Protein chains: 2
Amino acid sequence: MLKSEAVISGHPKASTKQAIERAALSLFAERGYPAVSMREIAERVGIRQGGIYNHFGSKQALLVHLMEGHMRALLVALDASVPKGGDPRQRLAQFVRFHVLYHLTQPDDVFIAYMELRSLEPDGLTRLKELRRAYEERLRRILEAGQRLGVFAITDVPVQAMGLIAMLTGVTTWYHDGGRLTREEVADIYAEMVMRSLDVEETEKS
Amino acid sequence: MLKSEAVISGHPKASTKQAIERAALSLFAERGYPAVSMREIAERVGIRQGGIYNHFGSKQALLVHLMEGHMRALLVALDASVPKGGDPRQRLAQFVRFHVLYHLTQPDDVFIAYMELRSLEPDGLTRLKELRRAYEERLRRILEAGQRLGVFAITDVPVQAMGLIAMLTGVTTWYHDGGRLTREEVADIYAEMVMRSLDVEETEKS
DNA sequence: TGCGCTAATGAATGATCGTTCATGCACTGG
DNA sequence: CCAGTGCATGAACGATCATTCATTAGCGCA
């Protein structure tokens, strides 16, 4: 009966699992993993508490599933948006625009992946840290390439990379749709800030 | 008896309240407010759960006390380190160094004040948001002053301010004492990054 | 048509949560 | 030396937590 309703109301088949993911994602992002109960998630989906365990083994497994899924999707999207080779300046600008736009498009996923590391048990923590490191590594590679070619003025690549990522990710803490600026405008401003902070002096001659 | 021990072991008088504050601060920062129980806090202090209520009316009151105390101390320390007037470039460099060093010195306070806003009930939330706004306003004033004088290249002051604060605050997510760099070195690197990102072209002539 | 599987139920489990409170100890001021 | 007070105790409160499970309903496939 419920299933019939679900089918009629729109989502075709395995919609319950996706509905649980969406509900949990939104609730975890809003109030934090420990503050959200399985009952709340079930209530938002429209099922009873026990039903979640037909799709996820535990609350922790649900969290790991969300975080890992997001990080893998993020890496795939990044590699699709930013080519492996080419002009480091261009690649950096693309990285910045990609990062800002992706984070403004999927703020909940991003927020969870960066904030709920402390809620992970050892196994999931290890896997997530590796995915995070891989993402940061993409940026470090670009910075190093630019440094080697002499087109970036960088004192310390690892510090600069962490500083840039923190700055870009922080956009999610203040941006709201419908405000003074569009997402594209914000991405452009950030790209401009980053490029200016790295450009070597224009008086270079060599 | 217990009090005698406490006196002998070091802390003079009202040490229990401070011990509760320290324990709660550390635990909230490590695992988040909802994930920490009053029993755990009491255990770390060395008292029973009920004892906390002799010093704080509720868990929520304890959180508000910690967050508000930190933000007020932060504002006082900022105003002591960065003069109200003078060269905007110098004031910005001082702001950056102050922010980074303060955040590296008191990472737990900082982390809680920025992350546990969502754990606050309406009353405390209003007060904390105002304190946060006041701190950000200090930076915006510096950026505006530099923009007026033509010594800063800024596309959008509010966006730039939020971007800078996010970048600087993010230092707490990766820095660990005893690593490759000292706190002072990190502060210098960040100051250099920020100043470079704002400096107008050196070819300026007017 | 009927079999089998997937998934939802709803009650029950034991644990843990924040908070209250009557009790009593230890110290301080008179 | 005694009264008063500040503070820790530890048991108890009702509520809520994640999780389990026997049961059942409904669907696709034969």
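Nothing here was measured: the structure is a model prediction, and the numbers come from that model. First the proteins, then the strands, lettered A, B, ... as listed; each starts at 1.
Between M38(B) and I20(A), the one whose closest nucleotide on DNA chain C sits nearer the 5' end is I20(A). Place G51(A) and Y33(A) on DNA chain D by their nearest nucleotides, and Y33(A) ends up nearer the 5' end.
Following rounding to the nearest Å, N54(B) (CG) and dG18(C) (P) show an atom-to-atom distance of 17 Å. Put simply, OH on Y53(A) is 4 Å from P on dT19(D), counting in whole angstrom units. One can place CD of E40(A) at 15 Å from P of dT19(D), the figure rounded to the nearest angstrom. Atom CZ of F56(A) and atom C1' of dT20(D) are 18 Å apart (whole Å). When the P atom of dA12(D) is taken as reference, atom CD of Q49(B) falls 12 Å away, rounded to whole Å. Taking atom CD1 of residue I47(A) and atom C1' of nucleotide dG26(D), one finds them 16 Å apart after rounding to whole Å. The separation between K59(A) atom NZ and dT20(D) atom C1' is 17 Å, rounded to whole Å. Atom P of nucleotide dC21(D) and atom CD1 of I52(A) are separated by 18 Å, given to the nearest angstrom.
One finds a salt bridge joining R133(A) and E130(A) here, because a Lys/Arg side-chain nitrogen approaches an Asp/Glu carboxylate oxygen to under 4.0 Å. A salt bridge does not link K17(A) to E21(A): none of the charged side-chain nitrogens sits closer than 4.0 Å to a carboxylate oxygen.
Contact annotation: H55(A) reaches the phosphate of dA8(C) (side-chain N/O to OP1 or OP2, under 4.0 Å). Contact annotation: T16(A) side-chain N/O to dA7(C) OP1/OP2 distance is not under 4.0 Å. Phosphate proximity of dG18(C) to S58(B): absent, as no side-chain N or O sits under 4.0 Å from OP1 or OP2. Residue S37(A) places at least one side-chain N or O closer than 4.0 Å to OP1 or OP2 of dC17(D). Here R48(A) does not reach the OP1 or OP2 of dA8(C): none of its side-chain N or O atoms lies under 4.0 Å away.
Ring-plane geometry between F98(A) and Y102(A) is classed as tilted, the angle between the planes lying from 30 to 60 degrees on a 0 to 90 degree scale.
Among the protein residues, V36(B) comes within range of the sugar-phosphate backbone only, with heavy atoms under 4.0 Å from sugar or phosphate atoms but none that close to a base.
Residues passing the side chain to side chain contact (heavy atoms under 4.5 Å, CB included) test with A145(A) are P88(A), R91(A), R148(A), sequence neighbours excluded.
The environment of R141(A) atom CZ is sparse: at most 12 non-hydrogen atoms of other residues, nucleotides or ligands sit within 6.0 angstrom.
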